[in-house]
Amino acid sequence: MKNVIRAIIRQALDQAKDKGTLLLSDYPEIVIEEPKDKNHGDFSTTVAMSMAKTERKSPKVIADAICQQLQSINGNVAEVQTAGPGFINLKMSAGFYLERFLDAARQGDNFGNLEIGRDQKVLLEFVSANPTGPLHVGHGRGAAVGATLAAILKKAGYAVDSEYYINDVGNQMNILGRSTLLRYRELLNESIEFPEDHYKGEYIKDLAQEIIDSHGKEFLDKDDETALPFFKKYSSDAILKGIEKDLSEFRVNYENWFSELSLYDDDSVDKALAWMRDKGFIYDQDGAVWLKSSAFKDDKDRVIIKQSGEKTYFCSDIAYHQNKINRGYHRIINIWGADHHGYVPRMQAVMEALDYDLNNFTTLLVQFVTLIRGGKKVQMSTRSGEFVTLEEVVSEVGVDATRFFFQMRSCDSHLEFDLDLAKKQSSDNPVFYIQYAHARICSVFRTAEEQGLKLPGADDVDLSLLKEEEAMDLVKKMLAFPEVIEKSALTLEGHRVAFYLQELVSLFHSYYKLHRVVTEDQGLSQARLFLLDKIRSIIRNGLSLLGVSSPESM
RNA sequence: GCGCCCGUAGCUCAGCUGGAUAGAGCAACGGACUUCUAAUCCGUAGGUCGGUGGUUCGAGUCCACUCGGGCGUACCA
């Protein structure tokens, strides 16, 4: 829509240049805005002000010159005026909007699909929690943000692959195995000492019990070395399976599950190291092997092989990202918890060393979630293993509310998740407010059907009957949907969709209150049904991006 | 100490990458149900955009400094 306005302004500029009223040695960027104040028209532009210097005229004079041209352009512009320091305000005709609305309606659920990502392959890695315990609410936010971003990018035309990186290597795996083994022995009445740094959650005891149920006392008389591999594998497999189940129930799906272990199995790690060494980014010191990350934006060099000969997590991450690059992605996006932000510069250093354009590599940091119950913070502590799992929240408030609440805020804002509010069935609760609008529209259609009224086709409807200001407000808001998708895709900010839906639905509820849809006047009723059907489609569309269902009745 | 994020109405947060008189939702107060879902709507009130200085026609937005909160600063992952 703004593009259309931009083209009109552009045309006016060209005409002014032809007539010699403006120099236009250099075309300025034409910024189109939607003024908050309705008195300032539907759109406004600041070009006149930004041209003041090069034209050496006052913004007002330039604005007047442009206005003069605009008036002669075509019938779509209903009103033009200059205002303030040099704004040009445009008011478009009702026909302009209705024509575009009809066009949007013809596109059905494809409305809002864009081409901006055409021929662009994007890799989106998110959650990637270690398989050492169930997903907690923080992971849940990452999952919701990632899945929605993937959906938005797809709608914007990108070819997106979602990926989960499984950290199934390293010391943590040993600790996990040992934790389960110790609980196993404990449950079989052996006295044990449970180390401080081991996993203390109840789920470890559950795993131990499962092993007792299936294997009995088989491992009791075996030493650690013999028993551990089994416990390690059993635990991580079971936990990963649980993670997969939690995510799929949370409507979060991946194209790839990528195992860290596989990078060792196929020598990718060694190859990546050899490549780095060959390029001179690696050196040996103090018995360890270092990456020269300080040659890039990182504050210091980082160890990739410890004195003990073990490789660090960072080491396999080099191989992992080389693998990502080799798969030919135009854009690589990682979504991490904010507690990993210190890791960003060194990863950027790796990408730079691998000769990948940093403009195409983004790490989104998702800030923490605080759960609120009864107006008070729910205490969580990873250390004691007492954190609230994603599964617990979902089973308490449902997938819809959880998915929506996680995306009500921009990623880099801390999120307060009010569990009581999420369960509330009233307009206080934004997710219900939106779903209710959808159900309400469906209900209107049921009433219409009882009256023998049918939804007209795009060629049979007379939209000029939609004369009310509220109807035009709705039409304008709907036409902004593609811009919301575009903006969300470009800024990687999914919360915009949540905000947009609230605004759209609020306009609908007002309209509904003021104007009865099913009336004696068949033509008018049909025009209104047509309007509602499109609103319904956008709600359904937007909610599905957010991973929220659209109930037909509530 | 250094680095990243945040600071906007009583609360939770937007603010379209520099535009006009800073917005929304809750909460508060006052209204609206013979009508398609009142699970809703309409109205009122609420602000030194943490602070100081700078950049310019113009700053919540950009820069510097500063105060407060969160997180990070491993040969952990």
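Because the structure is a prediction, the values reported are computed rather than measured. The sequence lines fix the lettering, A, B, ..., with proteins before strands; numbering per chain opens at 1. We use all heavy atoms of the structure for the numbers below, so side chains are in, but hydrogens, waters and symmetry mates are not.
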Walking RNA chain B from its 5' end, the first of A:E493 and A:F314 to be reached, judged by nearest nucleotide, is A:E493
Taking N and O atoms by type only, does the side chain of A:H340 place a donor or acceptor under 3.5 Å from a partner on the base of B:G72?
no
Atom CZ of A:F499 and atom P of B:U12 are separated, to the nearest Å, by 14 Å
| task | Scan side-chain atoms only and decide if A:Q435 and A:D400 contain a donor-acceptor pair under the 3.5 Å cut-off. | result | yes
- request: For A:T148 and A:R403, test the side chains for any donor-to-acceptor distance below 3.5 angstrom and give the result as yes or no.
  value: yes
Ranking B:U35, B:A20, B:C13 by distance to the side chain of A:R516, first place goes to B:U35
Taking only N and O in the side chain of A:H509, is any of them less than 4.0 Å away from OP1 or OP2 of B:G25?
-> no
*Taking only Lys NZ, Arg NE, NH1 and NH2, and the carboxylate oxygens of Asp or Glu, determine whether A:D197 and A:R178 approach each other closer than 4.0 Å.*
no
Q.
Is it the case that the base of B:C71 and the side chain of A:H341 share a donor-acceptor contact (distance under 3.5 Å, atom types as modelled)?
A. yes
### Message
Any donor-acceptor pair, under 3.5 Å, between the side chain of A:K424 and the base of B:A39, if you only look at N and O atoms?
### Response
no
Check your understanding: Is the ring centre of A:F296 less than 6.0 Å from the ring centre of A:F281?
Key -> yes
Less than 3.5 Å between a donor and an acceptor, one on the side chain of A:T312 and one on the base of B:A74, is that the case here?
no
Stacked pair A:F87-B:A20, distance under 5.5 Å, angle under 30°: yes
Testing B:A38, B:C42, B:C71 for proximity to the side chain of A:S510, the answer is B:C42
Rounding to an integer number of angstrom, what distance separates B:G50 and B:U8 when you compare their C1' atoms?
10 Å
Of the candidates B:C75, B:G15, B:A20, the side chain of A:K306 sits closest to B:C75
When rounded to whole Å, the CD to P distance for the pair A:Q502 and B:U12 reads 17 Å
- prompt: Expressed in whole Å, how much space separates the P atoms belonging to B:C16 and B:C6?
  reply: 13 Å
Paired to B:G1 by Watson-Crick or G-U wobble criteria (both distances under 3.5 Å) is B:U73
Separation between the P atoms of B:C5 and B:A20, rounded to whole Å: 26 Å
Quick note, A:A288 side chain, CB onward, closest among B:G19, B:C75, B:A38 is B:C75
Ranking A:V505 and A:N171 by the position along RNA chain B of their nearest nucleotide, the one closer to 5' is A:V505
